[in-house]
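Notes follow the structure.
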There are 2 protein chains.
Amino acid sequence: MVNPGRKRDHSRDADILQATLDVLAETSYADLTIEMVAARAGAGRGTIYRRWTSKDELILAAVACADQGGPESGEFSDTGSLRGDLLAMLDPDWLGSGERRMRILSSLTAMMGRTPDAFAAVSQAIVEPSVAVYQHLIQRAVDRGEFAKSADVAALAQLIPAMATYRALFMRLPVELPFFESMIDGVLIPALESQRSS
Amino acid sequence: MVNPGRKRDHSRDADILQATLDVLAETSYADLTIEMVAARAGAGRGTIYRRWTSKDELILAAVACADQGGPESGEFSDTGSLRGDLLAMLDPDWLGSGERRMRILSSLTAMMGRTPDAFAAVSQAIVEPSVAVYQHLIQRAVDRGEFAKSADVAALAQLIPAMATYRALFMRLPVELPFFESMIDGVLIPALESQRSS
DNA sequence: CAGTTCCGGAACTCGACAGTTGCGGAACTA
DNA sequence: TAGTTCCGCAACTGTCGAGTTCCGGAACTG
């Protein structure tokens with residue numbers, strides 16, 4: 001008799017965390033109740049509390065696995081130009097997953113401001129991956145000689161995530177392809193090109 | 001006997017709203033309690049409920065008068081160049097009041113996402129005034145011929161507020177003069193100048 | 001089988017906070 | 001002065017949700 005009893009169904013972990021993110025994307029940290037998550041996941045509250053000790057821990061765990069689904073962890077198609085690379089990356093369903101992440105971001109900003117753990121979790125799962133995509137593509141363009149080496153890649157990598165987040169959260173406008181094109185052609189690339197002469 | 005009894009001391013309104021903003025800047029919408037506001041303002045809860053019917057109404061009223069203190073409602077010094085105008089505007093204590101507004105913004109993002117009233121209040125009191133400053137100065141620079149008429153002033157006016165908000169809220173880095181200089185010289189002005197040729 | 005641990009669900013405890021009421025006192029009116 | 005309304009304060013009610021416990025049943029072990 002080493003491990004008697006019914007096995008814990010760990011496939012439900014993902015369901016519950018996914019339900020947590022769903023509720024988080026629709027309401028907010030304060031309005032999220034364990035009951036909502038349980039109902040959405042078709043689970044009992046006891047099942048949730050057997051796996052995570054508190055509401056905060058559940059949310060942190062859910063946020064920690066919110067970076068799946070984006071194209072950021074794979075390779076990026078190399079079209080030969082930064083503009084082409086960016087548009088190729090944006091094309092698929094990045095926009096939808098980006099929108100979802102922004103709503104989660106919105107629900108968690110208040111929590112981020114208080115607990116350092118929450119800030120770290122959101123930063124690693126949502127903020128940093130978004131910036132990293134742009135950082136990677138811009139750096140590659142600089143390395144291939146498309147722009148000057150003196151470009152401030154780290155700062156410019158934040159440009160489009162920042163503008164998209166601002167637009168979605170604080171202006172409630174859709175963040176779609178025309179917006180990205182406008183930012184790429186009207187801001188990002190001019191900023192990179194201005195480094196040539198200086 | 002037309003108006004008997006002790007007069008309501010309306011000078012306390014401002015104290016209470018200010019205390020509300022203070023608490024909001026330090027905690028969050030969900031964590032704010034009427035008790036905290038009352039204690040901070042040196043008032044009783046009854047006094048607050050006699051003036052605003054609910055916690056939500058109090059917060060909306062407080063946010064609605066959060067745009068005071070900034071230099072945005074007056075004239076701006078005209079240094080002859082956009083760069084000079086922007087730095088002149090930033091110099092005083094705009095940075096401190098901007099930091100405070102960002103913390104309030106952070107505390108209210110979740111509330112904004114749910115109630116349209118809250119979104120409208122935050123938008124009018126915090127988001128729009130910030131953008132309006134840049135919009136005004138950039139438009140003036142375009143009008144004086146510093147940049148091409150074809151520049152997308154409305155979009156570029158969001159640039160610095162968006163980058164500053166992103167930096168403060170989601171990266172927790174200080175938003176100080178070197179950052180603004182970097183944004184003005186490295187992004188905003190190059191984007192405006194790129195319109196010359198197109 | 002018997003014993004154990006899981007599951008969903010429902011009932012429960014408990015603390016926190018919104019909002020209310022009443023008290024003693026101060027300010028105002030007539 | 002008498003009557004009214006404000007004030008700060010403290011006690012009170014009601015609700016809501018976190019976290020716990022128990023139930024009947026299912027899944028696993030030996």
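All values below come from the heavy atoms of this structure, side chains included, with hydrogens, waters and symmetry mates left out. Naming: A, B, ... by sequence-line order, numbering from 1 per chain.
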Write down the atom of [X], the atom of [Y], and the distance for their closest heavy-atom approach.
X	Y	value
B:E146	B:G80	OE1-O, 4.1 Å
A:V153	A:Q139	CG2-OE1, 3.6 Å
A:L58	A:I34	CD2-CD1, 3.9 Å

Salt-bridge contact [X]-[Y] (side-chain N to carboxylate O under 4.0 Å):
X	Y	result
B:R103	B:D22	no
A:R12	A:D9	no
B:R144	B:D78	yes

* To do: Give a yes/no on whether any side-chain N or O of B:T47 is located under 4.0 angstrom from OP1 or OP2 of D:dG8.
  => yes
* Asked: Touch check for A:I48, heavy atoms < 4.0 angstrom, all strands: base, sugar-phosphate only, or nothing?
  -> nothing
Mind listing the N/O atom pairs, protein and nucleotides 19-28 of chain D, below 3.5 Å?
residue: D:dG19; atom: OP2; partner: A:Y49; partner atom: OH; Å: 3.4
residue: D:dG19; atom: OP2; partner: A:K55; partner atom: N; Å: 2.9
residue: D:dG19; atom: O6; partner: A:R45; partner atom: NH2; Å: 3.2
residue: D:dG25; atom: N2; partner: A:R6; partner atom: NH1; Å: 3.2
residue: D:dA26; atom: N3; partner: A:R6; partner atom: NH1; Å: 3.4

* Would you mind listing every salt bridge (Lys or Arg N to Asp or Glu O under 4.0 Å) that reaches into residues 120-131 of chain B, with sequence neighbours excluded? => none
* Asked: Are A:I126 and A:L159 connected in a single hydrophobic cluster, I mean Ile/Leu/Val/Met/Phe/Trp/Tyr linked by side-chain heavy atoms less than 4.5 Å apart?
  -> no
* Structure fact -> Note: contacts of residues 8-25 of chain B with DNA chain C (heavy atom, under 4.0 Å) are none
* Structure fact -> Assert: residue with more 5' nearest nucleotide on DNA chain D, out of A:L32 and B:A43, is B:A43
